[in-house]
Amino acid sequence: MPQTWMITGANRGIGLAITTQLLRRGDHVIAAARDPQAKALAELASAHAGQLTPLALDVTSDASVAAAKHALAGRAIDVLLNNAGLYGPRDRQSGLDVDFDAWREVFEVNVYAPVRVAQAFLSNLEAGQGRKIATISSRMGSIGANPGNALIYRSSKAAVNMAMVVFGNAVRAKNVAVLLFHPGWVQTDMGGGGADVTPAESAAGLIRTIDASGMAETNSFRDYTGETIAW
Ligand SMILES: NC(=O)c1ccc[n+]([C@@H]2O[C@H](COP(=O)([O-])OP(=O)(O)OC[C@H]3O[C@@H](n4cnc5c(N)ncnc54)[C@H](OP(=O)(O)O)[C@@H]3O)[C@@H](O)[C@H]2O)c1
């Protein structure tokens, strides 16, 4: 039975790799992006006719989320994947010097948006069979990993872990599983060419692990292979 996944930031990087693999196996993907008509998604839509729904979505905008919610009214979603993310500036992220405007911008995308999107599409998930909300966090948000740099990015991923656990507890009675993942260090615009995992490897692992997850895994923080990560 094909599933319907909604993926934010589906136009490039890990989101695009997951979208590609889901379409290949016959699932439906609601590909949410700021530019959902961009070349990569347009090519996938024509290669997999009827399986891809392009959805305009700026996850930081209440108006954009409201419009997307309206566009999807009554449509069942099995898995919502909060993937869109921002690293912030490569400098001015230290304990001694922080770009506060950039910090606010990163929190908009990495922390507030996953909650905003999860709240907005909860009724679509309740109408589906899968009932899973997965958020791409990062190992860099693990306080147990003894962090030393990247104050903006690390604090945003630590914060989204806490926010989604609170959300997960709020939706436990609705049987919606809330999952947090580190995707590996992945060769994308964010991860850079020196990263050790390809987008396809990360996507395959995430799909396999999300497929195998349910309420028993709600509020877990794991990597793309399913290994638990310290908070
Ligand atoms: N790559 C890694 O090594 C790594 C490691 C750990 C965690 N992660 C996490 O994995 C996720 C995906 O990362 P990636 O490596 O694929 O990054 P990427 O290649 O830089 O792609 C980021 C995606 O997020 C989207 N996005 C950013 N701001 C947005 C907004 N306001 N509204 C909608 N979409 C927005 C981008 O869309 P536009 O094209 O419109 O900008 C793009 O699709 C992120 O949450 C990231 O933090 C990545």
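Numbering starts at 1 and runs along the sequence shown. Whatever order the structure lists ligands and atoms in, that order sets their numbers, starting from 1.
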Whether Lys157 lies under 4.0 Å from ligand 1, heavy atom = yes
key: salt_bridge(Asp78, Arg131) N-O dist < 4.0 Å   = no
request  = Could you see which bit of Tyr87 sits under 4.0 Å from ligand 1, with heavy atoms only: side chain, backbone, both or neither?
outcome  = neither
query = Are the side chain of Arg92 and the backbone of Asp97 linked by a donor-acceptor contact shorter than 3.5 Å?
reply = no
task = If you have a sec, work out which protein heavy atom is nearest atom 45 (O) of ligand 1 and how many Å separate them, to one decimal?
result = Asn83 O, 2.9 Å
ask   = Quick check: does Val109 get an N/O under 3.5 Å from an N/O on ligand 1?
value = no
key: Closest approach of any protein heavy atom to atom 43 (O) of ligand 1, naming residue and atom   = Asn11 OD1, 2.7 Å
inquiry  = Side chains of Trp5 and Thr19: any donor to acceptor distance under 3.5 Å?
reply    = no
ask   = Does ligand 1 have an atom that lies less than 4.0 angstrom from a heavy atom of Ser64?
value = no
key: Minimum non-hydrogen distance to atom 23 (C) of ligand 1, winning option of Gly85, Gly15, Gly13   = Gly85
key: Thr188 N/O to ligand 1 N/O under 3.5 Å   = yes
ask   = How many angstroms lie between atom CZ of Phe181 and atom OG1 of Thr225, to the nearest 0.5 angstrom?
value = 10.0 Å
request  = Measure the distances from the heavy atoms of Ser137 to every atom of ligand 1 and state whether one is below 4.0 angstrom.
outcome  = yes
message = Can you report which non-hydrogen protein atom sits closest to atom 41 (O) of ligand 1, along with the distance?
response = Arg34 NH2, 2.7 Å
inquiry  = So, 4.0 Å and heavy atoms of Ala33: is ligand 1 close enough to count as a contact?
reply    = no
request  = Using a 4.0 Å heavy-atom cut-off, say whether Arg139 meets ligand 1 through its side chain, its backbone, both or neither.
outcome  = neither
ask   = Would you call the rings of Phe100 and Trp103 parallel, tilted or perpendicular, where under 30° means parallel and over 60° means perpendicular?
value = tilted
ask   = Which residue and non-hydrogen atom of the protein lie closest to atom 16 (O) of ligand 1, and at what distance in Å?
value = Ile14 N, 2.9 Å
query = Which residue holds the protein heavy atom closest to atom 36 (C) of ligand 1, what is that atom called, and what is the gap in Å?
reply = Arg12 NH2, 3.8 Å
Interfacing atoms of ligand 1 (cut-off 4.0 Å, heavy-atom, Thr60) = 31 (N)
